[in-house]
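Values in this document were obtained by computation on a predicted structure and should not be read as measured data. We use all heavy atoms of the structure for the numbers below, so side chains are in, but hydrogens, waters and symmetry mates are not.
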Amino acid sequence: MLPAAALRARRGSRRVLALLAAGTLVLGCRSTPPPDSAAVGDQPRGRVLAQLATQPVALLPTQHLRTGDSTGWSAQLGPARGLLDSLDAAIAAELAVRGTARLWIMPQALARSARRNPGFTSDPYELSAESLRHGVRRTNPRLGEPLASQMRSLLALTNARVALIPVELRFEPTTSGARAILRLVLVDARLAEIQWAGDVSMEDALPSGPTIVAALAKRVADLVAEP
């Protein structure tokens, strides 16, 4: 028999998934990439992931930095992994300030767990998440292999069923500088299905890594909890 805490976590995950399936979250699951809210300078309206604030959720490391952008910003902000690690840390810190980190499993904790179980699971920093990137056309919400198996094995080491994946950071030109856009995908690891996908963004006139990281972290946390 499962311990009482595990039973409560399982019931809570079921409630969240039922709400997701019912379309309680505003953007919902889409079989093709949703319209880029960042393309018009907006991000998803409201706290579309608020139901996850009090549930176990695995927050994965940011997977990709899109390079070769016409703004040149991706080449000016230093090594890709260093920038993405800073973004991961900023998101985790912002969620902690808002009281969410108590239940969420953060990227560094996932990485430590994976290192302790190298024969069982994958490196959370090296997922096969290319199919989730911006501009990749999807025909259904199901995850393909090996990503489906990677997600199942990673979350099997936690008490979470869903994972929020910051898939890709990219830059697009604006009249005053560039827009930094972070692609987010929410995945049900057990079903190997996308539950939600959307972008958060910020505009700036200068390629400032700390400014970009701090602003995007706040945008992500805004989807989940009040400041």
Item checked: Pair Met151-Ile165, side-chain contact (heavy atoms from CB on, under 4.5 Å): steps then yes or no -> CA-CA 10 Å; Met151 294 304 302; Ile165 311 174; 4.1 Å; yes

Note to self: Please determine whether side-chain contact (heavy atoms from CB on, under 4.5 Å) holds for the pair Leu60 and Tyr125, giving the CA-CA distance in whole Å, both sets of side-chain angles, and the decisive distance to 0.1 Å.
What the structure shows: CA-CA 8 Å; Leu60 271 71; Tyr125 289 91; over 6 Å; no

Next item on the list: Tell me, with the steps shown, if Leu157 and Ile105 meet side-chain contact (heavy atoms from CB on, under 4.5 Å).
Entry: CA-CA 11 Å; Leu157 300 174; Ile105 302 95; over 6 Å; no

Note to self: Before you tell me yes or no, could you show the steps for Glu193 and Leu143 under side-chain contact (heavy atoms from CB on, under 4.5 Å), namely the whole-Å CA-CA distance, both residues' side-chain angles and the distance that decides it to 0.1 Å?
What the structure shows: CA-CA 6 Å; Glu193 285 188 354; Leu143 300 180; over 6 Å; no

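Counting only heavy atoms from C-beta outward, the side chains of Asp204 and Phe171 never approach each other to under 4.5 Å. When side chains are defined from C-beta on, Val57 does not count as touching Val224, because their heavy atoms never get closer than 4.5 Å. A heavy-atom distance below 4.5 Å is not found between the side chains of Arg66 and Ser74. The shortest side-chain heavy-atom distance between Leu223 and Val200 falls under the 4.5 Å cut-off.
The two atoms that bring Leu155 and Ala189 nearest to each other are CD2-CB, 3.6 Å, heavy atoms only. The two residues Ala129 and His64 have their closest heavy-atom pair at C-NE2, 4.3 Å. Pairing each heavy atom of Ala178 with each of Thr71, the nearest pair is CB-CG2, 3.7 Å. Taking every heavy atom of both residues into account, Ala192 and Arg152 meet most closely at CB-NH2, 3.5 Å. Nearest heavy atoms, Ala53 versus Trp104: O-NE1, 4.2 Å. When all heavy atoms are compared, the tightest approach of Gly209 to Leu77 is N-CD2, 3.5 Å.
A donor-acceptor contact shorter than 3.5 Å links the side chain of Gln63 to the backbone of Leu127. The closest donor-acceptor contact from the side chain of Gln150 to the backbone of Leu154 lies at 3.5 Å or more, if one exists at all. A donor-acceptor distance shorter than 3.5 angstrom exists from the side chain of Asp69 to the backbone of Trp73, with no hydrogens or angles considered. With hydrogens and angles disregarded, no donor-acceptor distance shorter than 3.5 Å links the side chain of Glu172 to the backbone of Ile181. No side-chain donor-acceptor contact under 3.5 Å links Arg142 to the backbone of Ile194.
In this structure, Arg102 has no side-chain contact (heavy atoms from CB on, under 4.5 Å) partners at least two apart in sequence or on a different chain.
Note: the hydrophobic cluster containing Leu65 also contains Val220 (ILVMFWY, side chain heavy atoms under 4.5 Å, direct or indirect links).
Annotation: the span from Ile212 atom CD1 to Leu169 atom CG amounts to 7.5 Å, rounded to 0.5 Å. Atoms CD and OG, on Glu145 and Ser131 in that order, are 11.0 Å from each other to the nearest 0.5 Å. Atom OG1 of residue Thr100 and atom CG of residue Leu52 lie 9.5 Å apart, to the nearest 0.5 angstrom. Rounding to the nearest 0.5 Å gives a distance of 5.0 Å between CG of Asp188 and CD of Gln195.
For residues 107-122, the set of pairs meeting the side chain to side chain donor-acceptor pair (under 3.5 Å) definition, not counting sequence neighbours, comprises Thr121-Ser153.
Contact check on Asp199 versus Arg170 returns a salt bridge, with a Lys/Arg side-chain nitrogen under 4.0 Å from an Asp/Glu carboxylate oxygen.
Each of His134, Arg133, Arg183 was evaluated against Glu168; a single residue qualifies, Arg133, per the side chain to side chain donor-acceptor pair (under 3.5 Å) test.
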Considering only distance and modelled atom types, tabulate donor-acceptor pairs under 3.5 Å from the side chains of residues 82-98, sequence neighbours left out.
from: Asp85; atom 1: OD1; to: Arg81; atom 2: NE; distance (Å): 2.9
from: Asp85; atom 1: OD1; to: Arg81; atom 2: NH2; distance (Å): 3.2
from: Ser86; atom 1: OG; to: Gly82; atom 2: O; distance (Å): 3.0
from: Asp88; atom 1: OD1; to: Thr62; atom 2: N; distance (Å): 2.9
from: Asp88; atom 1: OD1; to: Thr62; atom 2: OG1; distance (Å): 2.6
from: Asp88; atom 1: OD2; to: Thr62; atom 2: N; distance (Å): 3.3
from: Asp88; atom 1: OD2; to: Arg81; atom 2: NH2; distance (Å): 3.3
from: Glu94; atom 1: OE2; to: Arg98; atom 2: NE; distance (Å): 3.1
from: Glu94; atom 1: OE2; to: Arg98; atom 2: NH2; distance (Å): 3.0
from: Arg98; atom 1: NH1; to: Asp222; atom 2: OD1; distance (Å): 2.6
from: Arg98; atom 1: NH1; to: Ala225; atom 2: O; distance (Å): 2.9
from: Arg98; atom 1: NH2; to: Asp222; atom 2: OD1; distance (Å): 3.1

